[in-house]
Each structure stands twice: as structure tokens, then as C-alpha cells.
Number of protein chains: 2
Amino acid sequence: MTNPSNVVSFASQHGVDCRSCHLSSLCLPRGLPLEDIAELNGIAQPLAPVRKREALFLQGMPFTSLFAVRSGSLKQVTTTETDEYLVTTFFLPGELAGLDAIAEGSYPGSAVALETTTVCELPFEQLDALCMRVPELRQRVYRNLSQDVHNERLMLRLLLRRTADVRLACFFVAMSARFRRRGYSPYRFQLAMSRGDIGNYLGLTMETVSRTLARYQQQRLLDIRGRDFHILDLEALTRFAEESGRRGVNG
Amino acid sequence: MTNPSNVVSFASQHGVDCRSCHLSSLCLPRGLPLEDIAELNGIAQPLAPVRKREALFLQGMPFTSLFAVRSGSLKQVTTTETDEYLVTTFFLPGELAGLDAIAEGSYPGSAVALETTTVCELPFEQLDALCMRVPELRQRVYRNLSQDVHNERLMLRLLLRRTADVRLACFFVAMSARFRRRGYSPYRFQLAMSRGDIGNYLGLTMETVSRTLARYQQQRLLDIRGRDFHILDLEALTRFAEESGRRGVNG
DNA sequence: CGGTGCATTGACAAGGGTCAAATGTTGTGG
DNA sequence: CCACAACATTTGACCCTTGTCAATGCACCG
């Protein structure tokens, strides 16, 4: 129904200008020696903007590059053999898309822009070559990868036994942390994804998401205007996400 | 409550005899040249049996080795920061435990024997050294790893939106496949884990597992005697696991 | 202005969690 | 080998959470 897109803009089809792409906001180079960062920047190719509903890469495409999000946002969606449409990740500015393709050799889902989005391409061969010379970077890439994977696995297992309330609280706490880490306000942000996307990501229906948000609004935890979110009580939200709402199984 | 164990038998505390451990049933060496398999066998150290409720390795221990299960079975359990007890994996004979520690550098959960269990230790340094010389093996290890991770992520996302019926059907279909792949009967097997463990693994309560199994019994899909499972209609079970029982979100 | 898609809200039913009790099953000490 | 304790499983009753269906309100767009 919400087909990823017929109109696809592959990375390779984008105009690439030769100036380097500024990566300083990306978590990857944090704390690396300056000259290494410079080299990293030299590899990064800015791409023309990906527009809403267009795909940055498609599920099944051979893995060639990572992509650093500079502005905008994307969702990663996987279609299963049984034709289910699963939102598996969101990518925010400063984050790295494509990490989970390294292992597979091909992208395990399509990255669809939720709004007009600009990215830098990091051709993996070059990154890999650079990694050879900069062991810290290599470590960082793999740690980044394994950390992501580990976090997600654990989060999924936790989600599996939480109520809708708690799932959403977790979602907002996590989002808040992601914005904070990148230097944006952890209390006020816009999310370009629909209620349906959020629900799909958390294993809930759109309606449940909507109702739960309304409740949060009443309880003065969040102030929500469409896709504008204002966290009023992060502390309480965090407590709620961590402490309560376990279901099934003796603690 | 079911504490992993106070009495722990670390790999290093086990008596190790010097004869090599027969790995032919393991999936890892499938299709490798014979001389490589021989080398692999040379690395593998048989350990003294791990008894029920004892741990093969503990969550947080630095990663040193993979373990090939020869007989018996284990569950991997992770304790979260919020003190939740999550069953994340089961290891059956012929399978490899510890893969998910490679990335982390330490074991992300404890491997607790569900019954008396024998394993071979594969010290990773040696395995890694061997990998240097045998690129196919290296590929195989990493593919094995990434495949596991990928499968599990997808499975978790799917579980997130399935009914209890379907989760259990998936579980048995998967178990059946695992037994088949290792050369055991895919229709009749014993599972040493409790209903509680299965429930925890699938994000369900013990009671729901029990009731659902009773229903399957009535429907002549399975014949169950305690922890003895006999799949009567694998075909139907598979259809059930794949086709039906989606919840939430428009297909 | 009449679509098309997103969001909210209500009514309703069912799936499955919780609590509790009954019934096996396993393990241990005598 | 028995008796008893500890644990695992099954089953029942109840009701909360959340999915389903449906109607309505909003926005954006041609």
C-alpha cells in the first residue's frame, strides 16, 4: 500500500560534487585524531537530496556504501517473504545508515526518506582501506555495528513483553537521547514519521499509538502538536519506561 | 528466582583432555576441505560435562572461546539493567554458542545447561589464526554470525505482532528445522527447557504456553507428553506459522 | 471543491495476562 | 524404596489491554 516508491533515486544516480562532506556531527569520528577525521571527510561524498518517499537504497541491493545523514530523516523498511511490511529503524541527522548491510553483503531493507533528506555517501571499500591504516576507526565501525545490533536485539526482547504505554515511553526516551547526543534539544523535536510508522516499528496499531499519546498529553508528560513533540517531564517518562509495565513472566 | 547458578563451572576450570573433539556434526565445517576440518578438530578441546543449571559461561565474562554443543542443550539468558531475566537463545547439539560475544568482546548472556551437556571449546584466538589461513572458514564464521543476528532480528520483529498460537507454531517449526539440519528426526524430539523458558523466550506466560499446547494437542497437530514432542502435522503447523495470525498494522 | 491520506475517537470483542487451586513430576533424605 | 518437599504443569475464572471496525475531523493538493 505505502509502496517504498516506484521512483527511486539510487546513490549512483545522484549528482556528486567533489567537495568533501562535513562529517563533524557524525558520531563515528568522535575523538579520533584530527588528521584521520580529515581523511574520513575526504572519502565522504555529498549526494543530491533524497525527496520524501524516495529510497536511498533498496532492500536486496548489493552493499557498497554507508550513508551519513546530514539533514532530514529516513525509515528502514523490510519486506518479509510473507509480504509483511516492517519498519525496522529510523535514521536521524548525524546517524549512519547501512551498517546492518555490512554483514549481509546486501541491504536488508530499503531506506525511505520521510522528508527531504541530505546524506553523504561513504563508499565502504575506501572506508575499509582507511580502516586498515587507522585501527581505531576500524574498531569504531565494528563497535558501532555490534552495539547497534546488540541494543536492538535487547530492545526487541524487552518490547516483546511491555505494554503499549511503556513501549511508547521507551520510544520517546530513546529519541530524546538520540537528539541529545547529536547536539539537538532532547526536549523538543519533530518526528517526520507517521503514527502508523511508529506503531509498525513498535508492534502496535496506529490507533493505539494515537490513544496512548492522547493519554500522555492529558498526564502532562508530553505536549504534542501533530508531529511536533515537546517532552514536558523526561524524568517521569524515563522512570515510566524503565520501571513499570512489565508483563508476563515472573521478574 | 531461577538464579543462573551459584555453582559455576567455568570452561577454564574443566579438565581438558588432549584428544581432539569430533566436530563433524557441527554446521561450521560443512563443505570445507578435509584437511581444514582436521585442523579445526585439532583446535577443539572437549570439556567435562556441564551439569543441569550450571553455566558454561557467564554474562559479562571476557570473550575467549566459542563452544560447540555435542550433547544436551543450554539456554542463554540475559539479565537487563532493570533486572529482567530474558531467555534469548537455546543451543542444541551441533550448534555453536558464543557467536554473539565476538562483536561485544564479552558474553552478552549466560549459557546455562538445561540438562547434562557436553561441549567442545574452540579458543577464538586459535580459530582466528586458522581463519587467517583459511579464508573460507573466516567467511563461514562471519556469515554464520551475521546470519544468526539477522534471522533473530527479523524473527523478533515478526513475533512482536503475532498471536501466541503463531509464536508457538513458529517455535516448533524452527525447532524441527534445527533438528533436521543436524540429522535428527524433525518430527520427534525432546526439549529440556521448561514451559516457563519457552514462554520467556517467546514473550508469553507459562500459562499461555500450556494452554496453547493443549489446543494443539486437541487439534492433532502435536502429540505432547511432558517434554517429549511429536509433530503430527508439520505441514499444517508450517502453514499456520507462516500464513495466519498477524495482528496490528495493515498487511 | 471534492479527493486522498493521516489522525483522532468511540464501541466492541478477544486475546492473553493475573491469580489461584488442583495435579503431576522430580528430587532428596531417611 | 517410601514419604515428603520442591517444583512444573495444567486448568479455571476473571478482566485489562489492545486490536478491529467504523465514523469523523483535518490537512494538503490538484
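Labels below follow one simple rule: chain letters A, B, ... track the order of the sequence lines, proteins then strands, and each chain is numbered from 1. Hydrogens, waters and symmetry mates are skipped; everything else that's a heavy atom, side chains included, is used.
- Taking the six-membered ring where tryptophan is involved, the planes of B:Phe172 and B:Phe229 are tilted, since the angle between them lies from 30° to 60°.
- Separating the CE atom of B:Met193 from the P atom of C:dT26 is a distance of 17 Å, rounded to the nearest angstrom.
- Residue whose closest nucleotide on DNA chain C sits further toward the 5' end, between B:Glu207 and B:Lys52: B:Glu207.
- The shortest non-hydrogen separation linking A:Val69 to A:Val119 is CA-CG1, 4.1 Å.
- With rounding to whole Å, A:Gln217 atom CD is found 14 Å from C:dT9 atom C1'.
- With hydrogens and angles left out, the side chain of A:Arg161 and the base of C:dG17 share no donor-acceptor pair within 3.5 Å.
- Candidate nucleotides D:dT18, D:dA8, C:dT18 were compared by shortest atom distance to the side chain of B:Ser194, and D:dA8 ranks first.
- To the nearest angstrom, C1' of D:dT18 lies 14 Å from CE of A:Met206.
- The side chain of A:Ala214 approaches C:dT9 more closely than any other nucleotide in the set C:dT9, C:dG16, D:dG19.
- Across D:dT18, C:dC6, D:dT9, the shortest atom-to-atom separation from the side chain of A:Thr208 is found for D:dT18.
- Atom CZ of B:Arg225 is separated from atom P of C:dT25 by 11 Å (rounded to the nearest Å).
- In this structure, A:Asp165 atom CG and D:dG19 atom P are separated by 12 Å, rounded to whole Å.
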Q.
Test side chain to side chain contact (heavy atoms under 4.5 Å, CB included) on B:Phe189 and B:Ile231; report intermediate values, then the result.
A. CA-CA 9 Å; B:Phe189 43 79; B:Ile231 299 183; 4.0 Å; yes
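- For the pair B:Arg211 CZ and D:dT10 C1', the interatomic distance rounds to 9 Å; values are reported in whole Å.
- In this structure, A:Tyr216 atom OH and C:dT8 atom P are separated by 15 Å, rounded to whole Å.
- Scanning all heavy atoms of the two residues, the minimum distance from A:Arg195 to A:Gly226 falls at NH2-O, 2.7 Å.
- Side-chain N/O atoms of B:Thr205 include none lying less than 4.0 angstrom from OP1 or OP2 on C:dG16.
- Aromatic ring centres of A:Phe67 and A:Phe91: separated by at least 6.0 Å.
- When the P atom of D:dT18 is taken as reference, atom CG of A:Leu160 falls 13 Å away, rounded to whole Å.
- Nearest nucleotide to the side chain of B:Leu204, out of D:dT18, C:dG17, D:dA8: C:dG17.
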